[in-house]
K.L.:
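Handing you a structure now.
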Amino acid sequence: MGVEDPVLVQQLANLQIDPNFVLPPEHRPTRKYNDYTAAGEQVPVIDLSSLRRSNKNPGEEEEEGEEGSRRSSLIHEKLVEQVGKACEEWGFFQVINHGISLSLLDEVETNALNFFALPLEEKSKVRRTFENALGYYDSELTKNVRDWKELFDFTTRGVLELPVASSGNEEQIHVYSNQWPEYPSTFREVCEKWSKSVESLAFELLGLIAESLGLPATYFHKYWLPDDSNFIRLNYYPKCPTPNLALGVSRHKDGGGLTVLVQDEVGGLEVRRKDGEWIGIKPQRDAFVINVGDLFQVWSNDKYKSVEHRVVVNENKARFSVPFFFNPSQSTDVAPVPQLLGENLPLYRQYNWGDFLQTRKGSNFKNLGVENVQIYHFAINRDENDVKVQV
Ligand SMILES: O=C(O)CCC(=O)C(=O)O
Ligand SMILES: [Fe+2]
């Protein structure tokens with residue numbers, strides 16, 4: 001048989017995949033999931049050890065007095081500068097020495113993989129529905145194409161309140177609650193522990209980013225307290241027989257504040273560099289991937305851009321990742337921070353984060369005849385020309 005024939009090979013490959021997963025040719029992956037070097041430069045890696053006294057080597061003395069505090073403020077300035085440079089040049093960076101135990105990460109991974117390995121019937125007991133947008137889901141769409149993945153969403157807050165439009169055009173609040181599977185029995189406890197750790201790291205990063213913009217460290221905290229709209233997603237990307245046609249997540253930008261993402265050693269996350277090149281982020285077990293979402297693009301008046309990224313899948317290994325979407329309270333009004341404008345005109349007019357989420361609703365489901373159009377996709381999936389917030 002003419003297996004050398006590329007057209008035939010392509011046709012055979014096409015047969016193995018549900019057409020809902022197939023991307024238009026211009027958006028298909030261009031590089032293999034583990035090709036990190038072809039494009040050269042990598043996303044910066046930033047060491048956070050100076051944020052934690054407890055990370056000092058045993059026996060290392062804390063320097064006392066003026067000299068000591070001068071040194072630590074210089075170290076801090078350097079850290080803030082690195083964060084600012086990474087946000088400006090990449091919109092993405094990795095952090096090491098973040099203070100989160102890797103054994104906790106192992107536990108999260110084991111529990112999540114055991115959950116995803118359960119029969120669909122069992123997983124479907126905690127399936128996301130119209131009434132509850134949290135839980136298990138296997139039909140996520142990004143830009144109207146189905147993602148090659150399964151996921152499980154929960155929030156550190158226990159509940160997530162989201163506005164939904166009712167038939168009478170009045171806004172209603174839907175309260176979504178975490179739903180936990182019966183198996184694995186340790187799943188909930190481990191996920192809850194994880195969410196607390198990652199949340200405190202996210203607040204530290206929020207502070208560093210504020211400082212890198214020349215603002216007080218707690219400047220943005222008011223938008224998150226007392227009730228933010230964060231959520232955590234466990235992503236499972238199964239092996240894919242046709243990784244040249246589909247993506248784990250199509251190109252998109254994250255619409256919220258910050259994303260803190262942990263990935264396993266498989267690889268596949270790609271970031272779009274300023275020159276338009278897709279760069280694979282090389283997984284490093286102890287490095288978490290951080291990116292700024294659309295809100296920082298608006299607050300900083302385009303100094304920090306929310307950068308496109310996507311996930312390449314492969315035929316050899318399933319992949320696992322855990323993003324924490326650190327999003328503010330529904331009531332947050334977002335606009336360029338006046339102190340950051342200088343001579344520049346604001347590029348965005350004010351919008352409300354809760355209202356914005358509502359406008360996202362259903363936008364992914366246009367062409368597929370999917371009935372449940374009310375489910376949110378929090379990561380922003382807009383096309384380049386969708387300039388809802390831009391003046
Ligand atoms: O799995 C990943 O590495 C990225 C996932 C992602 O970008 C998202 O869910 O918004
Ligand atoms: Fe994302």
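Every number for a ligand or one of its atoms is a count from 1 in the order of the listing.
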K.L.:
Output yes when E26 and R251 qualify as a salt bridge under the 4.0 Å nitrogen-oxygen rule, no when they do not.
P.N.:
no
K.L.:
Give the name of the N/O/S atom in D254 that lies closest to the Fe ion (ligand 2).
P.N.:
OD1
K.L.:
I'd like the name of whichever of K149, H252, R319, R251 reaches closest to atom 8 (C) of ligand 1 through any heavy atom.
P.N.:
H252
K.L.:
Considering only heavy atoms, does L261 approach ligand 1 within less than 4.0 Å through its side chain, its backbone, both, or neither?
P.N.:
side chain
K.L.:
I need the NE2(H252)-the Fe ion (ligand 2)-NE2(H309) angle, rounded to 10 degrees.
P.N.:
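The two atoms form an angle at the metal of about 90°.
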K.L.:
Which of the atoms of ligand 1 are close to H309, meaning less than 4.0 Å from one of its heavy atoms?
P.N.:
7 (O)
K.L.:
Check each atom of ligand 1 against the heavy atoms of F325 and keep those under 4.0 Å away; list them by number with element.
P.N.:
8 (C), 9 (O), 10 (O)
K.L.:
Pick one: which of I281, I290, I279 meets side chain to side chain contact (heavy atoms under 4.5 Å, CB included) with F92?
P.N.:
I281
K.L.:
Any side-chain donor-acceptor pair under 3.5 Å between T156 and E199?
P.N.:
yes
K.L.:
I'd like to know if K253 pairs up with D294 as an ion pair, taking the criterion as any Lys NZ or Arg NE/NH1/NH2 lying under 4.0 Å from an Asp or Glu carboxylate oxygen.
P.N.:
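Salt bridge between K253 and D294, a charged N being under 4.0 Å from a carboxylate O: no.
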K.L.:
Under 4.0 Å from a heavy atom of N235: give me the atoms of ligand 1 that qualify, with their elements.
P.N.:
1 (O), 5 (C), 9 (O)
K.L.:
Based purely on interatomic distance, does R233 place a nitrogen or oxygen under 3.5 Å from a nitrogen or oxygen of ligand 1?
P.N.:
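Min N/O separation from ligand 1 is not below 3.5 Å for R233.
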K.L.:
For the pair K239 and E315, find out whether any cationic side-chain nitrogen is under 4.0 Å from an anionic carboxylate oxygen.
P.N.:
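Looking at K239 and E315, the cut-off is not met.
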K.L.:
Show, in sequence, the C-alpha distance, side-chain angles and deciding distance for Q42 and Y36, and conclude whether the side chain to side chain donor-acceptor pair (under 3.5 Å) test is met.
P.N.:
CA-CA 8 Å; Q42 272 286 312; Y36 316 115; over 6 Å; no
K.L.:
Any idea which part of D254 is under 4.0 Å from ligand 1, heavy-atom wise: side chain, backbone, both or neither?
P.N.:
side chain
K.L.:
Please name the residue in the list V249, L151, V311, D153 that meets the side chain to side chain contact (heavy atoms under 4.5 Å, CB included) test with N235.
P.N.:
L151
